[in-house]
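To start, the structure under review is shown below, and the notes come after it.
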Amino acid sequence: MGETERAVNVRPCSIPTARMGVARVHRHRSRRIPRSGLVAFELVVDRWPRGWMLIGRPSSRVLDGRGFVEVTRVAVEEGVRNACSMLYGVAARWALRERRPIVTYTLATESGASLRGAGWVEVGRTPPPKRRV
């Protein structure tokens with residue numbers, strides 16, 4: 001491999017491993033890390049884990065009742081091109097294999113480019129959750 005080429009792949013990992021990775025590198029560290037999940041993946045670059053994704057039950061009871069799964073967290077270290085898109089692509093393929101509809105949410109301040117890059121389609125917008133006092 002040349003100097004600019006890297007061996008990049010995504011593989012399943014344990015939920016605790018993904019939780020630790022997300023806690024370490026997620027941009028919004030103040031947000032609560034999900035306690036559990038259904039499946040987790042890690043992005044590996046040159047044999048080193050550099051990104052993590054957790055997929056779990058949706059926060060919406062209605063979607064949960066309809067069999068949906070939700071990408072609950074994605075976190076990737078700086079400097080890995082297209083990493084989030086790769087993880088979202090793996091999530092979509094996993095959900096298709098499991099015959100489960102999948103959903104995720106982004107903050108209004110985020111562009112959603114990684115989702116579009118992975119082939120996801122925006123189907124709606126929801127208002128931000130009300131803050132608890």
Side-chain angles (χ1 to χ4, degrees):
M1 272 186 249
E3 204 170 85
T4 58
E5 296 178 40
R6 297 168 145 191
V8 180
N9 70 328
V10 178
R11 66 184 182 199
C13 69
S14 70
I15 304 293
T17 297
R19 290 185 75 240
M20 284 190 299
V22 168
R24 188 170 58 83
V25 300
H26 197 274
R27 278 188 289 172
H28 311 290
R29 287 192 191 102
S30 61
R31 292 190 176 266
R32 192 173 57 88
I33 305 299
R35 291 180 179 261
S36 64
L38 299 172
V39 66
F41 295 97
E42 66 183 355
L43 179 98
V44 180
V45 180
D46 295 331
R47 299 186 324 220
W48 292 97
R50 302 280 305 273
W52 298 267
M53 169 180 275
L54 285 161
I55 299 173
R57 292 176 59 190
S59 52
S60 163
R61 290 182 183 178
V62 173
L63 294 180
D64 189 29
R66 293 180 182 168
F68 277 74
V69 293
E70 179 180 324
V71 175
T72 54
R73 287 292 183 278
V74 175
V76 177
E77 291 179 0
E78 293 291 323
V80 185
R81 292 185 53 136
N82 302 321
C84 289
S85 292
M86 290 175 69
L87 287 165
Y88 280 120
V90 166
R93 289 188 297 277
W94 175 86
L96 187 62
R97 235 182 2 262
E98 296 294 317
R99 295 191 165 115
R100 305 281 300 266
I102 190 166
V103 65
T104 193
Y105 302 94
T106 59
L107 297 174
T109 57
E110 296 173 332
S111 72
S114 295
L115 289 160
R116 288 190 304 278
W120 289 53
V121 178
E122 181 180 328
V123 295
R125 294 180 182 246
T126 60
K130 294 179 181 171
R131 294 222 174 234
R132 294 182 187 170
V133 182

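In what follows, residues are counted from 1 in the order of the sequence shown.
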Restricting to non-hydrogen atoms, name the atom on [X] and the atom on [Y] that form the minimum distance, rounded to 0.1 Å.
{"X": "Ala18", "Y": "Ala40", "answer": "CB-CB, 3.5 Å"}
{"X": "Trp120", "Y": "Ala92", "answer": "NE1-CB, 3.8 Å"}
{"X": "Val22", "Y": "Ala75", "answer": "CA-CB, 3.9 Å"}
{"X": "Cys84", "Y": "Ser114", "answer": "CB-OG, 3.3 Å"}

With rounding to the nearest 0.5 Å, note down the distance linking [atom1] in [X] to [atom2] in [Y].
{"X": "Ser59", "Y": "Tyr105", "atom1": "OG", "atom2": "OH", "value": "5.0 Å"}
{"X": "Glu78", "Y": "Arg50", "atom1": "CD", "atom2": "CZ", "value": "9.5 Å"}
{"X": "Glu70", "Y": "Thr104", "atom1": "CD", "atom2": "OG1", "value": "6.0 Å"}
{"X": "Ser111", "Y": "Arg116", "atom1": "OG", "atom2": "CZ", "value": "5.5 Å"}
{"X": "Leu38", "Y": "Glu98", "atom1": "CG", "atom2": "CD", "value": "9.5 Å"}
{"X": "Trp52", "Y": "Arg73", "atom1": "CH2", "atom2": "CZ", "value": "15.5 Å"}

Taking the side chain as C-beta and beyond, is there a heavy-atom pair between [X] and [Y] under 4.5 Å?
{"X": "Arg24", "Y": "Glu77", "value": "yes"}
{"X": "Val90", "Y": "Met86", "value": "no"}
{"X": "Glu42", "Y": "Thr17", "value": "yes"}

Is [X] linked to [Y] within one hydrophobic cluster, defined over Ile, Leu, Val, Met, Phe, Trp and Tyr using a side-chain heavy-atom separation of less than 4.5 Å?
{"X": "Leu43", "Y": "Met20", "value": "no"}
{"X": "Leu115", "Y": "Leu54", "value": "no"}
{"X": "Val103", "Y": "Tyr88", "value": "no"}
{"X": "Val76", "Y": "Val10", "value": "yes"}
{"X": "Val74", "Y": "Val8", "value": "yes"}

